[in-house]
Amino acid sequence: MGLIHIEMFATLDLVGQAPGGPDEDPVGFPFGGWQAPLMDEVAGAQIGAAYEGTDALLLGRRTYDIFAAYWPHQQGGEDNEIATLFNSVPKYVASRGTPGLSWAGSTQLGPDLAGAVREIRDRHEHVKVVGSLNLVQTLLREKLFDRLDLWVHPIVLGVGKKVFGDGAAPANVTLLEPPVSSPKGVVYLRYGLADGRPQTGDMSAG
């Protein structure tokens with residue numbers, strides 16, 4: 001069985017909406033592109049390293065459309081390495097609609113999303129989920145992930161779609177390696193899904 005890794009960029013108040021640009025998800029959200037001013041070489045290197053070994057992408061419809069319009073045109077440029085990877089691996093799209101699958105190697109998943117994700121997990125070694133906030137809510141709720149890479153950025157927006165939306169299933173995670181921080185204050189956290197449900201206690205006891 002393969003592994004499903006979620007790559008998520010978030011603010012300090014865990015907003016994950018439209019980090020890359022103002023046109024990603026603009027409805028009711030005035031801060032599109034909030035990640036760009038906070039990027040530096042350390043954060044960029046960590047992000048690049050996180051994709052090593054990826055052999056499939058699992059994307060929501062909106063993220064797929066953004067990627068399909070961008071990455072096929074980036075080979076040979078500054079982002080050639082990641083463009084070559086993204087363009088060469090299979091892309092699986094979670095959508096209730098009928099997306100135009102113009103990006104080579106793209107397949108739309110059926111209505112049984114959880115079942116389809118389990119089949120993808122059996123077919124590949126390292127499936128990467130990027131952005132795709134609505135899809136991520138399903139994966140979190142169904143506990144259909146093995147690792148969550150969370151880049152927390154030193155900014156508070158107070159508005160926007162959250163990484164952990166309402167209805168997220170209670171779960172334990174474990175820190176897989178020490179956190180890494182960048183000069184601009186981005187903190188990289190790598191968590192693995194752990195067994196059991198969150199426990200409670202009484203700090204005043206004993």
Side-chain angles (χ1 to χ4, degrees), residues 1-20 24-32 34-35 38 46-47 50 54 56-67 92-97 109-121 124 126-177 179-180 186-203:
M1 184 174 69
L3 303 174
I4 295 178
H5 297 166
I6 298 173
E7 305 297 322
M8 187 61 63
F9 308 112
T11 64
L12 198 59
D13 52 339
L14 293 183
V15 172
Q17 185 172 354
E24 281 186 13
D25 190 3
V27 178
F29 186 65
F31 296 111
W34 52 264
Q35 183 187 20
L38 298 170
Q46 289 292 330
I47 292 170
T54 297
L57 293 175
L58 174 58
L59 306 170
R61 166 69 181 272
R62 186 182 297 276
T63 300
Y64 174 81
D65 287 343
I66 293 169
F67 279 21
Y92 298 97
V93 189
S95 175
R96 296 185 182 91
L109 301 181
D112 179 8
L113 180 57
V117 170
R118 291 185 178 96
E119 289 181 5
I120 293 169
R121 195 188 223 165
H124 297 280
H126 294 95
V127 181
K128 197 71 68 175
V129 183
V130 189
S132 307
L133 277 174
N134 291 335
L135 168 62
V136 165
Q137 301 312 306
T138 299
L139 300 180
L140 294 175
R141 186 169 56 251
E142 299 288 338
K143 297 185 179 179
L144 279 174
F145 72 99
D146 300 283
R147 196 178 82 197
L148 172 63
D149 288 349
L150 185 65
W151 278 266
V152 180
H153 295 69
I155 185 173
V156 175
L157 299 182
V159 64
K161 299 174 183 176
K162 298 294 186 69
V163 173
F164 302 101
D166 294 338
N172 291 322
V173 295
T174 184
L175 191 65
L176 297 178
E177 57 189 56
V180 177
V186 179
V187 179
Y188 169 48
L189 300 162
R190 173 168 285 181
Y191 292 108
L193 181 64
D195 294 332
R197 290 173 56 86
Q199 302 297 304
T200 61
D202 186 348
M203 296 291 288

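For the numbers below, each heavy atom of this structure counts, side chains included, while hydrogens, waters and symmetry mates do not.
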field: All salt bridge (charged side-chain N to carboxylate O under 4.0 Å, His left out) counterparts of Glu142, not counting sequence neighbours
entry: none
- line: Contacts of Asp25 meeting salt bridge (charged side-chain N to carboxylate O under 4.0 Å, His left out) (sequence neighbours excluded), chain-then-number -> Arg62, Lys161
query: Knowing that exactly one of Leu113, Leu144, Leu148 qualifies, which makes a side-chain contact (heavy atoms from CB on, under 4.5 Å) with Leu139?
result: Leu144
message: Would you say the ring centers of His153 and Tyr188 fall short of 6.0 Å from each other?
response: no
Are [X] and [Y] side-chain neighbours, meaning at least one heavy-atom pair lies under 4.5 Å?
X	Y	result
Val127	Leu57	no
Ile120	Leu58	yes
Thr11	Trp34	yes
Leu38	Pro154	yes

Determine the minimum heavy-atom distance between [X] and [Y], stating which atoms define it.
X	Y	answer
Ala10	Leu150	CB-CD1, 4.0 Å
Val15	Gly160	CG1-CA, 3.9 Å
Thr174	Ala194	N-CB, 4.4 Å
Phe67	Val130	CZ-CG1, 3.8 Å
Ala18	Glu24	CA-OE1, 3.1 Å
Gln35	Ile47	NE2-CD1, 4.2 Å

query: Between Leu140 and Phe164, does a side-chain contact (heavy atoms from CB on, under 4.5 Å) hold up when you go through it step by step?
result: CA-CA 8 Å; Leu140 294 175; Phe164 302 101; 3.6 Å; yes
query: Does anything in residues 2-18 pair up under salt bridge (charged side-chain N to carboxylate O under 4.0 Å, His left out), and if so which pairs, sequence neighbours excluded?
result: Glu7-Lys128, Glu7-Arg147
task: Take Phe31 and Gln17, measure what side-chain contact (heavy atoms from CB on, under 4.5 Å) needs, and give me the verdict at the end.
output: CA-CA 9 Å; Phe31 296 111; Gln17 185 172 354; over 6 Å; no
- line: Between the CZ atom in Phe29 and the CG atom in Leu157, the distance rounded to the nearest 0.5 Å is 5.0 Å
task: With rounding to the nearest 0.5 Å, note down the distance linking CG in Leu3 to NE2 in His126.
output: 5.0 Å
task: Using the side chain to side chain donor-acceptor pair (under 3.5 Å) rule, collect all pairs that involve residues 110-121, keeping only residues at least two apart or in two chains.
output: Arg121-Asp146
query: Where do Ile4 and Val117 land on the side-chain contact (heavy atoms from CB on, under 4.5 Å) test, with the steps shown first?
result: CA-CA 9 Å; Ile4 295 178; Val117 170; 3.3 Å; yes
field: With Tyr191 via side chain to side chain donor-acceptor pair (under 3.5 Å) - residues at least two apart
entry: none
Residues Leu135, Val129; criterion side-chain contact (heavy atoms from CB on, under 4.5 Å); working and verdict: CA-CA 9 Å; Leu135 168 62; Val129 183; 4.1 Å; yes
task: Could I get the full list of ring-ring contact (aromatic ring centres under 6.0 Å, His included) partners for Phe145, not counting sequence neighbours?
output: none
